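Read through the structure below, which is laid out as structure tokens, and then see the notes.
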Protein chains: 2
Amino acid sequence: MKSKIALECLSALAHEHRLNLFRLLVQAGDEGMAVGELVEATGLAGATLTNHLNILRRAGMVTDERRGRVIQCRADYTQMDALLGFLTENCCTGSPGKNCKPASSCKPTRKTP
Amino acid sequence: MKSKIALECLSALAHEHRLNLFRLLVQAGDEGMAVGELVEATGLAGATLTNHLNILRRAGMVTDERRGRVIQCRADYTQMDALLGFLTENCCTGSPGKNCKPASSCKPTRKTP
DNA sequence: TTCATATTTCCAGAATAGTCGAAATATATG
DNA sequence: CATATATTTCGACTATTCTGGAAATATGAA
């Protein structure tokens, strides 16, 4: 992951509402949550929520898919993984004697099928 | 790590200059870097740099120690580790079937003695 | 087509963050 | 003490981000 994208991811998560939003989506698992459900869950105005979602989308932390009138959002675990990797790398590289193990793998939690 | 502190850490790192600053300190290892050296390295005005340092300090990502007239700064690896732990936990907990391994350990890179 | 629902875009005001010169503080040295 | 160096605080300005109402767009249903 490039520094610029890592910065976008960090900025995306560095806000109370957006961190909360991302956690909600993580907990929702593969199913994800509709924008309307997120409005309900957070109590934010629609326009405000869309703004935050757009920031998470631009950073690649959230993906979505239209299902009829509803837009279903999901946390992107791959991007979160890449961010963890970036932080881990940049915590120790650049000098000899690296001490960091590779970032832990972060897979979606599947709903019981 | 509590959510509020994690947010402070994320906000601290979510800025071009501060991420750069933190990386410089990580690369500097246990020795750390003086504020003056950081001013040189970044080209920022003293007041601006102090502002960014204060944000990193409040978040616990940077510690420092006075050595005579000079203030020597260091990256706090423990806090970085805690942040990685928080992100990893919150990437998968809250629902059954956790898939994340524990966050990798992040130790300072020691200068060759 | 007409109506209802879901979401986004547009816009503007309010709040917060970033920047840096100048003055203040802390420490060392002569 | 007086002077020099290192860093921080203060104060003011600019830039960015956050917020939500209202209008626009998209889809589905009658």
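Worth saying up front: this structure is predicted, and the values here are computed from it rather than measured. Order of the sequence lines fixes the chain letters, A, B, ..., with proteins taken first and strands second; residue numbering starts at 1 for each chain.
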>> By nearest atom, which of the nucleotides C:dT8, C:dT19, D:dT19 is closest to the B:Asn51 side chain?
In response: C:dT19
> Choosing from D:dT7, D:dT27, D:dC18, which nucleotide comes nearest the side chain of A:His52?
Replying inline: D:dC18
> With respect to the phosphate group of D:dT19, does any side-chain polar atom (N or O) of A:His17 fall under 4.0 Å of OP1 or OP2?
Replying inline: yes
>> Nearest to the B:Ala45 side chain among C:dA6, D:dA22, C:dG21, which nucleotide is it?
In response: C:dG21
>> For the CG atom of B:Leu53 and the CG atom of B:Leu44, what is their distance to the nearest 0.5 Å?
In response: 9.5 Å
>> Regarding B:Asn54, tell me which of base, sugar-phosphate or nothing describes its non-hydrogen contacts under 4.0 Å with the strands shown.
In response: sugar-phosphate
> Reckon B:Leu38 touches a base, only the sugar-phosphate, or nothing at all at heavy-atom distances under 4.0 Å?
Replying inline: nothing
>> Considering every strand and a 4.0 Å limit on heavy-atom distances, what is the contact class for B:Arg18: base, sugar-phosphate, or nothing?
In response: sugar-phosphate
>> Using a 3.5 Å distance criterion without hydrogens, assess whether the side chain of A:Gln79 forms a donor-acceptor pair with backbone atoms of A:Val62.
In response: no
> Between A:Asn54 and A:Arg57, do the side chains contain an N or O donor and an N or O acceptor separated by less than 3.5 Å?
Replying inline: yes
>> Side chain of B:Ala34 only, heavy atoms from C-beta on: which candidate in D:dT8, C:dC20, D:dT7 is closest?
In response: D:dT7
> Does D:dT8 have OP1 or OP2 sitting under 4.0 Å from an N or O in the side chain of B:Thr50?
Replying inline: yes
> With respect to the side chain of A:Ala47, which nucleotide from C:dT9, C:dT7, C:dG21 is positioned closest?
Replying inline: C:dT9
>> Let's see if you can work this out: which of C:dG18, D:dT19, C:dA6 has an atom nearest to the side-chain heavy atoms of A:Arg69?
In response: C:dA6
>> Using 0.5 Å steps for rounding, measure from the CZ atom of A:Arg18 to the CG atom of A:Leu56.
In response: 6.5 Å
> Is A:Leu49 touching bases, backbone alone, or none of the nucleic acid, heavy atoms closer than 4.0 Å?
Replying inline: nothing
> With under 30° as parallel and over 60° as perpendicular, where do the rings of A:His52 and A:His15 fit, or are they tilted in between?
Replying inline: tilted
> How is B:Arg67 classified with respect to the nucleic acid when contacts are heavy atoms under 4.0 Å: base, sugar-phosphate, or nothing?
Replying inline: nothing
>> Check the phosphate of C:dG18 against B:His15, side-chain N and O only, distance under 4.0 Å to OP1 or OP2. Yes or no?
In response: yes
> If only side-chain N and O atoms of A:Thr48 are considered, is one of them under 4.0 Å from the OP1 or OP2 phosphate oxygen of D:dC18?
Replying inline: no
